[in-house]
Every structure is written in C-alpha cells, then in structure tokens.
Enquirer: 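I'd like to ask some things about the structure below.
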Amino acid sequence: MSKIEIANKANIVILGAGSIGCYLGGCLLSIGANVTLIGRARLKDQIANGGLTLTDWRGRNTKLKPADVNFTESAEVMARADYILVCVKSGDTQEAASLIAQYENSDPLKDNPVVISFQNGVRNGRVLSECLPNYTVMKGMVPFNVLGQGDGHFHCGTEGDLCIGDKSGQAKDLVGLLEMANLPVKVFKDLSSVQWGKLLMNLNNAVNALSGRPLLEQLNDSAYRKVMAVVLKEALATMKAAGIEPAKTGKVIPKLMPYIMSLPNFLFEKVAAATLKIDPQARSSMYEDLALNRKTEVDYLNGEIVALGEAHHVSTPANTAILKLIKAAESANDGSPMLSAAALQHAIAVN
Ligand SMILES: NC(=O)C1=CN([C@@H]2O[C@H](COP(=O)(O)OP(=O)(O)OC[C@H]3O[C@@H](n4cnc5c(N)ncnc54)[C@H](OP(=O)(O)O)[C@@H]3O)[C@@H](O)[C@H]2O)C=CC1
Ligand SMILES: CC(C)(CO)C(=O)C(=O)O
C-alpha cells in the first residue's frame with residue numbers, strides 16, 4: 001500500500017487539540033491524512049476564522065484553510081478511529097481515558113483503535129493502559145517545543161525526533177504518515193527509559209516558567225543553570241536509587257547534565273553550541289500554563305522526583321522547593337512570578 005493510500009485509510013483522532021495536538025494533527029493534515037482534532041470551542045473558533053498555521057524553527061510555514069481542518073468538540077469521532085493520539089495535559093489523562101472507553105468496540109468490523117500518549121511525564125501510558133485494558137496503548141515522546149501564538153498559529157521552536165514505544169509494529173502506518181509529514185519518528189520496543197530521560201529535560205520546565213524568560217535566555221544564564229544543576233543532581237540520585245536508567249534524549253548523556261549546567265558561560269557556549277538549537281522565543285509548556293492561568297504538570301515532573309525520592313529515601317529539597325514555588329504561582333493566578341536566578345538559588349538553598 002502506498003503512503004497516500006495509507007493516508008486515506010488510517011483514521012487518526014487527536015484527543016486534546018492544544019499546542020502539541022494541533023501541531024501533530026496539522027502536520028498530518030497538510031499531507032492529506034485523515035485527521036480529526038477534538039478540542040475546545042475557543043480553538044475551534046480561531047480555526048473557523050483563520051484556519052491553522054504551523055511554523056517551525058527551520059522555516060516550515062504551513063497554512064491550512066478552515067475547511068481543511070476537521071475540528072470538533074464532540075468525542076463521537078473516536079468510534080471510527082484507527083489511532084487516537086492523546087495530547088491532553090497529564091492531569092486530564094484519566095478523563096481522556098474514560099472518554100475513549102465510551103467508544104470501546106464501536107465498530108464490530110474493527111479492533112479498538114491504537115491509543116498513543118504524546119505527553120510528558122512517566123505515568124500517562126500506565127493510566128491509559130489501566131483504564132483501557134482492551135486497547136493497545138503506546139507511550140510516545142515529543143522532544144520539541146510548540147507554543148500557541150494565538151489565532152490558530154502554532155510554532156515549533158526546538159528540534160528533535162518523535163519517539164514511540166511500539167513492540168508489536170501496530171504504529172507502522174502512523175509512523176509512515178508522521179515521517180511523510182516531516183516529523184521523523186524513532187521507534188523503540190519499550191519507551192520507559194526514554195520517558196525518564198525526557199523527564200530530566202522537563203525538570204527545566206518549572207525553572208523556565210518561574211523565570212518568565214525565553215528558554216534560550218534562561219539557559220544561557222549560568223545562575224539559572226546552577227539551579228538546574230542541583231535539581232538534576234537530585235533527580236539522578238533518585239533514579240539511581242530506584243534502579244532507573246534514563247536514556248539520552250538530547251545531545252548530552254544524563255549523568256553529565258548537572259556538570260554541563262554548572263559550566264561557566266564561555267565553556268557552556270562551546271559545549272552547548274551544537275545542542276542548543278532553540279528558537280529565541282521558545283518557552284516551556286509550563287510557562288504557557290502559568291501565563292494562561294492553567295494548572296501545570298509540575299506534579300508529574302518535579303513531583304515525580306519528590307515521590308521517587310520519598311519511596312527510596314533520597315532527599316529532594318530543591319525539587320520540593322521548586323514544586324512549592326510553582327504551586328504558589330498557580331494559586332496566585334498571575335502568570336509567571338518572573339523570579340530572578342538569585343531568588344531561585346535562595347529558595348533551593350544553593351550558595
Ligand atoms: N507544548 C509543548 O511544547 C510540549 C508539550 N508536551 C506535552 O504534551 C502534552 C500536551 O501539552 P500541550 O499541547 O502543551 O497542552 P495544551 O494545554 O496546549 O493542549 C491540551 C488541550 O487539550 C484540551 N483538552 C483537555 N481535555 C480535553 C478533552 N477531554 N476533550 C477535548 N479537549 C481537551 C485542553 O483544553 P483545556 O485547557 O480547556 O483543558 C487543551 O486545549 C503535555 O503532556 C505536555 O507536557 C511535550 C513536549 C512539548
Ligand atoms: C520541549 C520541552 C522540553 C521544552 O521545554 C517540553 O517538553 C515542554 O515545554 O514541555
């Protein structure tokens with residue numbers, strides 16, 4: 001079967017059309033794949049008015065007309081899906097799973113759809129599997145950053161290949177389509193170590209959100225990096241105690257990450273020049289959550305490290321402090337607190 005035939009055949013549903021959902025779904029739509037986005041009215045209206053625009057740091061500039069984007073608020077389309085890409089925030093996974101379950105065995109001629117979690121954190125795949133025992137559930141990992149720019153425009157500001165844990169080859173058609181849409185995919189038998197590796201990178205989400213700075217500016221500041229070095233050291237210690245081996249998901253091997261973060265600027269620039277392909281405007285998804293007064297995923301990122309530390313008797317004061325600062329920012333409902341690196345160092349007791 002040709003890729004175009006596959007494109008016409010596989011029925012792909014994106015559950016949670018936000019930054020990642022619209023970007024993945026929009027890229028797939030741009031090659032003619034059969035995709036429906038399930039999301040909220042506010043985005044439906046934006047897309048109905050001006051369509052969907054996808055840009056990236058390499059110069060992608062894809063514009064989809066309103067009529068070319070199948071966007072719905074109704075979950076009913078899942079009854080006919082071959083693939084469901086779960087792109088909601090971690091706190092909404094349980095509800096997403098319940099919605100999917102409502103359409104179990106809808107089509108007597110087809111198997112239940114393959115469900116793939118394209119979410120951060122290490123729990124979502126498990127939550128979906130537990131709620132959907134009669135489905136094939138796969139873990140996915142999105143390495144790049146996507147930020148909504150308003151008016152149905154989503155910009156991808158960093159590089160990296162998508163990853164999928166697929167031991168049965170059932171994601172083959174989807175992988176073919178993603179690659180055709182210029183979204184390269186690495187397929188693994190088991191994605192757990194990749195997810196723990198990505199979690200290490202995502203520990204910067206909170207620091208970035210608290211700083212209120214673009215990622216590049218924050219990472220180029222040695223004082224913010226010093227905070228990250230401590231956060232990462234703690235995380236690596238908890239993982240070691242738990243027998244978890246995080247995979248390298250960026251260009252640096254995990255155990256070197258705290259050392260790279262501790263380098264002075266002139267050395268960091270040399271070492272990181274090849275690794276920091278970050279658009280000057282890119283920010284973490286947690287920054288976006290604070291800016292839009294939404295609940296963040298901190299419980300599934302730094303909170304995961306705190307929980308792992310508790311379970312394995314490793315103290316995690318820096319991650320605990322960061323977790324508290326994010327919770328305080330969530331309660332304040334006033335966007336990023338724009339904390340200086342000195343304030344963060346003080347909070348996590350770095351001297
Ligand atoms: N943005 C990024 O750069 C990256 C994000 N990720 C991960 O990807 C996942 C998605 O993140 P992101 O795209 O930023 O999140 P967004 O908040 O931008 O998108 C999720 C969307 O799903 C909607 N939603 C939630 N539940 C439902 C539902 N039951 N039915 C329909 N729509 C629903 C949300 O609406 P509402 O807000 O109203 O609930 C929101 O619009 C997260 O786990 C994140 O960590 C990974 C790599 C990079
Ligand atoms: C791509 C990255 C690491 C950017 O911070 C991310 O996963 C996020 O923003 O949630």
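On a predicted model such as this, the values are computed, not experimentally measured, just so you know. Ligands are counted one by one from 1 in listed order, and the atoms in each one are counted from 1 as well.
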Enquirer: What protein heavy atom lies closest to atom 10 (C) of ligand 1? Include the residue and the distance to one decimal.
Expert: C87 O, 3.2 Å

Enquirer: Among all protein heavy atoms in this structure, tell me which lies nearest to atom 29 (N) of ligand 1, with the distance rounded to 0.1 Å.
Expert: L99 CD1, 3.5 Å

Enquirer: R40 to ligand 1: N or O pair under 3.5 Å?
Expert: yes

Enquirer: Among all protein heavy atoms, pick out the one at the shortest distance from atom 48 (C) of ligand 1; state its residue, atom name and that distance to 0.1 Å.
Expert: F144 O, 3.1 Å

Enquirer: With respect to atom 16 (P) of ligand 1, which of K89, Q119, M286 exhibits the smallest heavy-atom separation?
Expert: K89

Enquirer: What I want to know is whether G39 and ligand 1 share at least one N or O pair that is separated by under 3.5 angstrom.
Expert: no

Enquirer: Identify the closest protein heavy atom to atom 5 (C) of ligand 1: which residue and atom is it, and at what distance?
Expert: I20 CG1, 3.4 Å

Enquirer: Please report the interatomic distance NE2(H155) to OG1(T53), rounded to the nearest 0.5 Å.
Expert: 12.5 Å

Enquirer: Applying the side-chain hydrogen bond (donor to acceptor under 3.5 Å, both in side chains) test to S284, which of N205, N208, D289 qualifies?
Expert: N208

Enquirer: Under 4.0 Å between a Lys/Arg side-chain N and an Asp/Glu carboxylate O for E297 and R123?
Expert: no

Enquirer: Between K198 and ligand 1, which residue portion shows a heavy-atom distance shorter than 4.0 Å: side chain, backbone, both, or neither?
Expert: side chain

Enquirer: Does Q149 have more than 12 heavy atoms from other residues, nucleotides or ligands lying within 6.0 Å of its CD?
Expert: yes

Enquirer: Checking side-chain polar atoms at under 3.5 Å, does H153 have a donor or acceptor matched by the opposite partner on T55?
Expert: yes

Enquirer: Is E104 atom CD crowded by more than 12 heavy atoms from other residues, nucleotides or ligands, each under 6.0 Å away?
Expert: yes

Enquirer: Which residue and atom name correspond to the protein heavy atom nearest atom 47 (C) of ligand 1, and how close is it?
Expert: V142 O, 3.3 Å

Enquirer: Are any side-chain N or O atoms of S336 and backbone N or O atoms of A209, one a donor and one an acceptor, separated by less than 3.5 Å?
Expert: yes

Enquirer: Backbone, side chain, both or neither: what part of D289 comes under 4.0 angstrom of ligand 1, heavy atoms only?
Expert: neither

Enquirer: I'd like to know if Y23 contacts ligand 1, where contact means a heavy-atom distance under 4.0 Å to any ligand atom.
Expert: no

Enquirer: Would you find a donor on one side and an acceptor on the other, under 3.5 Å apart, between the side chain of Q218 and the backbone of Y224?
Expert: no

Enquirer: At their closest point, which heavy atom of L43 faces which heavy atom of G18, and how far apart are they?
Expert: CD2-CA, 4.5 Å

Enquirer: Given F118, which partner from the list N124, I14, I164, V86 fulfils the side-chain contact (heavy atoms from CB on, under 4.5 Å) test?
Expert: I164

Enquirer: With a 4.0 Å cut-off on N to O distance, would you call K172 and D166 a salt bridge?
Expert: no

Enquirer: Can you find an N or O of V146 that's nearer than 3.5 Å to an N or O of ligand 1?
Expert: yes

Enquirer: Ligand 2: which protein N/O atoms lie under 3.5 Å from its N/O atoms?
Expert:
residue, atom, partner, partner atom, Å
ligand 2, 5 (O), N205, OD1, 3.3
ligand 2, 7 (O), N120, ND2, 3.1
ligand 2, 7 (O), K198, NZ, 2.8
ligand 2, 7 (O), N202, ND2, 2.8
ligand 2, 9 (O), S285, N, 2.8
ligand 2, 9 (O), S285, OG, 3.4
ligand 2, 10 (O), N120, ND2, 3.0
ligand 2, 10 (O), N205, ND2, 2.9
ligand 2, 10 (O), S285, OG, 2.5

Enquirer: Only one of L301, V230, V207 forms a side-chain contact (heavy atoms from CB on, under 4.5 Å) with I322, so which one is it?
Expert: V207

Enquirer: Can a donor-acceptor pair be found, under 3.5 Å and without considering hydrogens, that links the side chain of Q119 to the backbone of V88?
Expert: yes

Enquirer: Going by heavy atoms, is F118 under 4.0 Å from ligand 1?
Expert: yes

Enquirer: What is the closest protein heavy atom to atom 6 (N) of ligand 1, and at what distance does it sit?
Expert: N120 ND2, 3.4 Å

Enquirer: Please report which non-hydrogen protein atom sits nearest to atom 19 (O) of ligand 1, along with the residue it belongs to and the distance in Å to one decimal place.
Expert: G18 CA, 3.1 Å

Enquirer: Under 4.0 Å, counting heavy atoms only: does A96 come that close to any atom of ligand 1?
Expert: no

Enquirer: Which bit of R42 is near ligand 1, meaning a heavy atom under 4.0 Å away: side chain, backbone, both or neither?
Expert: side chain

Enquirer: Does the N or O separation between S19 and ligand 1 drop below 3.5 Å for any pair?
Expert: yes

Enquirer: Relative to atom 44 (C) of ligand 1, which among R294, E95, E297 owns the nearest non-hydrogen atom?
Expert: E297

Enquirer: Evaluate whether atom CG of D111 has more than 12 neighbouring non-hydrogen atoms of other residues, nucleotides or ligands under 6.0 angstrom away.
Expert: no

Enquirer: Specify the protein heavy atom at minimum distance from atom 22 (O) of ligand 1: its residue, its atom name, and the distance to 0.1 Å.
Expert: G16 CA, 3.2 Å

Enquirer: Would you check if there is a donor-acceptor pair between the side chains of S168 and Q170 at a distance under 3.5 Å?
Expert: yes

Enquirer: Between S129 and V137, is there a donor-acceptor pair closer than 3.5 Å when you use the side chain of the first and the backbone of the second?
Expert: no

